[in-house]
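Residue numbers start from 1 in every chain, and the chains themselves are labelled A, B, ... in the order their sequence lines are given, proteins ahead of strands. Excluded from the calculations below are hydrogen atoms, water molecules and symmetry mates; all remaining heavy atoms, backbone and side chain alike, are included.
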Amino acid sequence: MRKINPQGRAQMSQKQATVIHWFRKGLRLHDNPALIAAVEKLDTLPSAHLRPIFILDTKLVETYRVGANRWRFLVDSLADLDKSLRSLGTRLYVLRGDPVSQFKFALKNWNVKLITYETDTEPYARKRDVEVFKLAEEAGVEVKYFFSHTLYEPIVLLRQNKSEAPKTYQKFLDVVSKAGEPPASKVAVTEVYKQSPPKDPDKDKYQLPTLRELHVDESKLGPHLYPGGETEALRRLTQVMTRKTYISNFEKPNTSPNSIEPSTTVLSPDPNLLICKQIDWDVNPEYLSAWAEGRTGYPFIDAIMTQLRKEGWIHHLARHAVACFLTRGDLWISWEEGQLVFEELLLDADVYLNAGNWMWLSASAFFHQYYRVYSPIVFGKKTDPHGEYIRKYLPKLAKYPPNYIYEPWTAPMSVQKAAGCIIGTDYPKPIVDHAKIHKVNLQRMNAAYKKVPSPPKKNTPKFTRASREDDDDSSVPFAKKFRSEFC
DNA sequence: AGCCGCGTTGTGGGT
DNA sequence: AACCCACAACGCGGC
């Protein structure tokens with residue numbers, strides 16, 4: 001007669017197969033290929049248990065600077081996700097601790113058959129995922145990951161660009177245009193178990209986090225304008241999509257102050273990916289105020305700055321001319337000073353467009369042909385040879401003949417007297433000699449561009465160039481392929 | 001969405 | 001008719 005001992009029975013129940021879907025960023029049921037893959041796996045494993053998990057990295061909670069509102073957004077999102085999962089006969093299991101330890105525990109105790117997740121390209125996530133992947137590999141457990149956080153697989157785009165991130169807008173467009181159509185979105189998961197759900201062995205464990213647990217100082221919470229969660233997000237999306245005028249005008253953001261929050265991915269603060277060239281700009285309050293107040297002695301520049309100050313709008317090429325003059329062209333003052341003046345004076349100032357355009361024009365980012373220097377004398381002549389624009393905004397110079405109006409300091413004294421405007425008395429002499437200073441500045445730009453940026457920290461996961469053989473998925477073991485892309 | 005100097009080519013008037 | 005010459009227009013490379 002065989003003895004049945006309770007321990008053995010417990011052991012038997014632990015043998016129930018488990019499929020893990022690891023939620024990280026994509027806290028949603030719709031358009032979630034990794035969740036779909038997890039659910040599909042259940043078909044081949046009768047009575048298997050799905051564990052949708054979220055790991056609260058407690059060390060991160062203690063050290064990562066996240067505001068109260070953002071923590072609340074996460075708590076909201078997880079609660080909404082849990083609610084949706086419960087309606088499908090499952091739930092969210094919130095594990096606590098470092099992800100590697102949590103997976104060690106799970107792999108040891110849950111008879112895991114498959115782990116699925118959505119890829120995350122942030123450095124912290126890549127390092128974490130590589131470690132978890134190794135653990136799973138050692139345990140002989142299959143892992144499936146999917147690119148669904150971004151429209152395209154970043155690795156594929158990188159490969160198309162020789163494994164380098166595009167740093168100009170044109171390059172970015174080129175790369176995307178060769179990538180073809182992004183994959184179609186996936187329908188929401190609406191069913192998990194075909195039969196009645198297996199019993200939850202951890203009914204009272206792995207509960208949702210609370211604000212208190214996350215040390216949220218509730219006095220720092222702002223009004224609850226944007227609750228987190230898939231349900232609320234879809235509601236807002238649906239609502240926006242009914243506003244046809246808003247949508248059709250969205251490409252012209254200058255008409256709409258209430259735009260959707262911009263993505264911050266392009267301006268990542270990661271110090272290893274510094275986008276902005278670090279240039280040794282001068283601090284020169286005299287030059288700065290002369291520029292801002294339209295008394296540089298260059299009529300074309302001063303006329304533009306006068307129009308800006310008086311009327312609040314200047315043509316975009318005029319913006320180019322004065323931005324170049326302030327920064328790399330002549331005065332060698334930081335674009336951030338110019339940004340502040342434009343922000344103060346431009347009726348159409350948009351903080352992101354303004355900052356981006358100043359970086360562009362100063363050749364600090366996106367645009368790098370720094371030897372393309374606008375002349376404060378000849379640039380305006382091409383479209384206004386008689387200087388009518390200058391006459392309008394600088395009436396002191398209105399009587400200068402066309403051949404002197406762009407550089408009145410070259411006019412003979414007789415001409416200056418006849419025009420009723422003595423240079424150096426009635427209108428300033430040029431504060432810099434453009435012909436000389438722009439050459440000096442070219443050398444300074446040259447030096448700034450030659451300066452090697454500080455090397456990336458060691459151990460930072462880095463995209464490496466994949467060899468041609470790796471393109472054939474079937475010939476390369478999954479783990480090797482994964483490492484070649486993520487380690 | 002630069003500017004300059006240089007060389008080449010084209011043009012028109014004059015000898 | 002053939003040639004000279006000044007000048008404009010254009011393309012290119014370097015910064």
### Query
Contact class for A/H316 (heavy atom, under 4.0 Å): base, sugar-phosphate, or nothing?
base
### Query
Which residues satisfy the ring-ring contact (aromatic ring centres under 6.0 Å, His included) test with A/Y374, sequence neighbours excluded?
A/H320, A/F379
### Task
Assert yes or no for the condition that the ring centre distance of A/H21 to A/F23 is strictly below 6.0 Å.
yes
### Task
Nearest whole angstrom, please: distance from the C1' of B/dA1 to the CE of A/M359.
18 Å
#### Entry: For atom CG of A/L361 and atom P of B/dG2, their distance in whole Å
10 Å
### Partners meeting side-chain contact (heavy atoms from CB on, under 4.5 Å) with A/A179 (sequence neighbours left out)
A/Y152, A/L157, A/Q160
### Query
Which whole-number value in Å describes the distance from A/H320 NE2 to B/dC3 P?
13 Å
### Between C1' of B/dC3 and OH of A/Y374, the distance in whole Å
12 Å
### Query
With sequence neighbours left out, what residues match A/N403 under side-chain contact (heavy atoms from CB on, under 4.5 Å)?
A/P401
### Query
For the pair made of OH in A/Y406 and P in B/dC3, what is the distance, rounded to whole Å?
12 Å
#### Entry: Atom-pair distance (CH2 on A/W358; P on B/dA1), nearest Å
20 Å
### Task
Looking at every strand, decide which applies to A/K381 at a 4.0 Å heavy-atom threshold: base, sugar-phosphate, or nothing.
nothing
### Message
Is A/K382 close enough to B/dC3 that one of its side-chain N or O atoms is under 4.0 Å from OP1 or OP2 there?
### Response
yes
#### Entry: Protein proximity profile, nucleotides 9-15 of chain C - base contact B, sugar-phosphate-only contact S, no contact -, cut-off 4.0 Å on heavy atoms
------B
### Query
Can you name the residues that form a side-chain hydrogen bond (donor to acceptor under 3.5 Å, both in side chains) with A/H316, not counting sequence neighbours?
none
#### Entry: Test side-chain contact (heavy atoms from CB on, under 4.5 Å) applied to A/L173 - qualifying residues, sequence neighbours left out
A/Y169, A/Q170
